[in-house]
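The first residue of the sequence shown is numbered 1, and numbering continues consecutively from there.
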Amino acid sequence: MAKRGYNRDTIRGGAAEWDVSRPFSSYLKLLGRLIVHPLRFFELLPRVPDPRAPALFLVFSGILAGVVWLFADGIYPALLALVLPLPLSIVLAAPYHVASWGGRFGYAVTWRVLAYPFAFLWPLTAVPVVRWIAGAYAGVLLLAIGLSVVREITFGRAFVSCLVVGGLLLFAAGAALAG
């Protein structure tokens, strides 16, 4: 622990936080940690409602997604990919928070759990087949691990709730793209 009086729930600037001073290397480091060892990633994620690091991380991810969408599909999807990650993550955290009802921490911490997998998923949405696989992986498995570790609920409950919420979201996205 860093200082006296801090514990695992209140420590700021944990190893799972994005470092603004080194955006690209920190992005790759967090991506590797999230993919290789998601349990460790969420164990180190600070349980404080401070929105700065995840919000900046979502903005950075939106910039990367905007560049990817610019080359994949043009200027208008790129502009949407640039501005949507932060507000969309705030909206998407609501059903995951409701589904993990009774957990230890509030909505802001649930949003932190969603912010990092969502930010890594966002640039991958430009790749047609990868978007569905990555969406299912991030929206069901990674978030189930994150909710069970951070909100301190059982993994089975977190997995079923993420499966239901993720399935509904993927169905809605598929219907919106088809129609």
Side-chain angles (χ1 to χ4, degrees), residues 1-23 26-62 65 83-124 134-170:
M1 295 294 146
K3 294 181 180 177
R4 188 170 30 165
Y6 282 81
N7 61 34
R8 71 178 181 90
D9 297 333
T10 60
I11 191 164
R12 294 178 187 269
E17 289 286 76
W18 182 58
D19 186 3
V20 180
S21 66
R22 300 175 297 121
S26 181
Y27 181 88
L28 294 174
K29 183 178 176 183
L30 285 179
L31 175 62
R33 187 176 299 128
L34 188 62
I35 290 172
V36 173
H37 206 308
L39 186 63
R40 180 80 174 137
F41 176 86
F42 288 113
E43 285 174 348
L44 295 175
L45 191 68
R47 276 100 163 133
V48 294
D50 184 12
R52 290 176 294 184
L56 288 171
F57 189 69
L58 284 163
V59 169
F60 179 77
S61 181
V83 298
L84 279 181
L86 185 58
L88 190 57
S89 71
I90 293 169
V91 171
L92 288 178
Y96 286 102
H97 182 69
V98 170
S100 65
W101 177 77
R104 183 163 177 226
F105 297 99
Y107 174 80
V109 175
T110 303
W111 173 73
R112 286 176 77 87
V113 170
L114 177 122
Y116 288 101
F118 184 71
F120 288 123
L121 168 67
W122 197 246
L124 296 176
Y137 178 69
V140 176
L141 186 61
L142 287 179
L143 284 176
I145 293 169
L147 290 175
S148 69
V149 169
V150 174
R151 299 275 327 257
E152 298 178 6
I153 60 176
T154 65
F155 178 76
R157 181 174 162 219
F159 183 75
V160 169
S161 65
C162 288
L163 190 63
V164 170
V165 172
L168 290 173
L169 291 172
L170 288 174

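- Scanning both residues, Ser100 and Arg151, for their nearest heavy atoms gives OG-NH1, 2.7 Å.
- Judged purely by atom type and a 3.5 angstrom limit, Arg112 has no side-chain atom pairing as donor or acceptor with the backbone of Ala53.
- In plain terms, the two heavy atoms of Leu58 and Ala115 that are nearest each other are CD2-O, 3.6 Å.
- Under the side chain to side chain contact (heavy atoms under 4.5 Å, CB included) criterion, Leu31 pairs with Ile35, Phe120, not counting sequence neighbours.
- Phe105 is not listed as a side-chain neighbour of Thr110, based on a closest heavy-atom distance of 4.5 Å or more.
- For the pair Arg47 (side chain) and Leu45 (backbone), a donor-acceptor distance under 3.5 Å is present.
- Evaluation of the side chain to side chain contact (heavy atoms under 4.5 Å, CB included) rule for Ala158 yields Ala144, Leu147, Ser148, Ile153 as partners, not counting sequence neighbours.
- In this structure, CZ on Phe118 lies 6.0 Å from OG on Ser89, to the nearest 0.5 angstrom.
- Here CG of Leu142 is found 10.5 Å from CG of Leu114. Values are rounded to the nearest 0.5 Å.
- Side-chain contact between Leu34 and Phe42: present, with at least one pair of heavy atoms (C-beta onward) separated by less than 4.5 Å.
- Aromatic ring pairs are classed by plane angle as parallel below 30°, tilted from 30° to 60° and perpendicular above 60°; the pair Phe41 and Tyr116 is perpendicular.
- Looking at every heavy atom in both residues, Pro85 comes nearest to Gly62 through CG-CA, 3.6 Å.
- The distance from the CG atom of Leu84 to the CH2 atom of Trp122 is 5.0 Å, given to the nearest 0.5 Å.
- Residues that satisfy the ring-ring contact (aromatic ring centres under 6.0 Å, His included) test with Tyr96, not counting sequence neighbours, are absent from this structure.
- Taking the six-membered ring where the residue is Trp, the centroids of Tyr107 and Trp111 are separated by 6.0 Å or more.
- Shown here for Pro49 and Val109, the closest heavy-atom pair between the two residues is N-CG2, 4.4 Å.
- The CG atom of Leu163 sits 12.0 Å away from atom CG of Leu143, with the distance rounded to the nearest 0.5 Å.
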